[in-house]
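Just dropping this structure here.
Atom set for the values below is all heavy atoms of this structure, side chains included, hydrogens, waters and symmetry mates excluded.
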Amino acid sequence: MTKSLQATKQIILHIALIVFFAMTGHAAPARADAMPAAKLQQIGDDQYLAGAFRLDRYLAGFEQPLVSKGAFNLSPGDGLVWQNRDPFPDVTVMTDRGITRIGDDGRRETIANGAQFNQFITLISAVLSGNWDALSQHFTVTERSAEMDVEKGVENNAETDDATDGDSASTWQIELTPIAGRPIADQIAHITASGRDFVDHVRIDKPTGDHDEITLSNQTAASLPLPDDIAALLTGQAQ
């Protein structure tokens, strides 16, 4: 049970990282000359981002990755709904109140709140407001051309399936390396994110040698209001 909860918390950490990756388009005008976010489609305050995801977890001792698939809805003013559909259905809801997991049976579990969670919220909020220094305080940020890596066969994308668009050529790539001594360095060794209009692929390497690859696809920015079922999850009114 303890190992399962620890693994869940690690996945939630990765979801939190995806939030501030995906939201950088919302803050692009603040530092358009400094980050690849200038190439992302902007998400306005009156919009939300919806799409599909595939998470491949590569763990020591396993020949094949552990794969989960589903859908997500992301609203700058409301939070994130991360819906696992395969292999086991559940929902993770992240708002400024904390992170809650809702099982297929409707049971709710608080995954994170308090000081540690608020650190992530502070970081995410700083990115949303265009404060790129918030990233540089935690990571060494390097931008390079992803197209060059594709030509060299370096880029390692997840297997193409129903969670990909079929056109995976990236136009930008950033690398984040935690600054030594920062708490996040205990969880993350290296992050590589790439995409075109949106963040399409994130690879998260861990100090243990394990790594996760998250592929986001079929992403669209739609106008508010959110669908009723998603809004209910974010407000805590879903049954």
key: Hydrophobic cluster identity match, Val81 and Leu224, side-chain contacts under 4.5 Å   = yes
note = Taken to the nearest 0.5 Å, the spacing of Ser217 OG from His201 NE2 works out to 11.5 Å
key: Value rounded to 0.5 Å, distance of CD1 in Ile214 from CG in Leu216   = 7.5 Å
ask   = If you look at every heavy atom in Leu234 and Thr95, which pair is closest and at what distance?
value = O-CG2, 3.6 Å
ask   = So which heavy atom on Ile99 is nearest to which on Thr92, and how close?
value = CG2-CG2, 3.7 Å
ask   = Just by distance, do the side chain of Glu109 and the backbone of Gly103 share a donor-acceptor pair under 3.5 Å?
value = no
request  = Can you sort out the partners of Ala185 under side chain to side chain contact (heavy atoms under 4.5 Å, CB included), two or more places apart, ordered by chain and number?
outcome  = Pro178
query = Got a second to check how far Trp172's CH2 is from Asp200's CG, nearest 0.5 Å?
reply = 7.5 Å
query = What residues form a side chain to side chain contact (heavy atoms under 4.5 Å, CB included) with Pro207, not counting sequence neighbours?
reply = Ala189
request  = List the atom of Ala221, the atom of Leu49, and the distance in Å for their closest heavy-atom pair.
outcome  = N-CD1, 4.2 Å
ask   = Does some side-chain heavy atom of Ile230 sit less than 4.5 Å from a side-chain heavy atom of Gln83?
value = yes
request  = Of all the heavy-atom pairs spanning Phe72 and Ala52, show the shortest one and how long it is.
outcome  = CE2-O, 3.6 Å
query = Does Asp210 have any side chain to side chain contact (heavy atoms under 4.5 Å, CB included) partners at least two apart in sequence or in another chain, and if so, which?
reply = Leu59, Ala60, Lys206, Thr208
query = Got a sec, which residues hit side chain to side chain contact (heavy atoms under 4.5 Å, CB included) with Asn84, two or more places apart in sequence or on another chain?
reply = Phe53, Ser68, Trp82, Asp90
request  = Calculate, to the nearest 0.5 Å, the distance between atoms CG and OH belonging to Leu74 and Tyr48 respectively.
outcome  = 11.5 Å
query = In chain order, what residues pass the salt bridge (Lys or Arg N to Asp or Glu O under 4.0 Å) check against Asp78, with sequence neighbours excluded?
reply = none
query = Say you draw a straight line from OG1 of Thr192 to CD1 of Ile174; how long is it, rounded to the nearest 0.5 Å?
reply = 9.0 Å
task = Kindly write out the residues that satisfy salt bridge (Lys or Arg N to Asp or Glu O under 4.0 Å) with Asp105, not counting sequence neighbours, or none if the list is empty.
result = Arg107
message = As an exercise, state the distance from CZ of Arg108 to CD1 of Ile102, rounded to the nearest 0.5 Å.
response = 4.0 Å
request  = Report the residues that fulfil side-chain hydrogen bond (donor to acceptor under 3.5 Å, both in side chains) with Thr177, sequence neighbours left out, ordered by chain and then residue number.
outcome  = His190
task = Identify the two heavy atoms, one from His138 and one from Arg182, that lie closest to each other, and give their separation to 0.1 Å.
result = O-CG, 4.2 Å
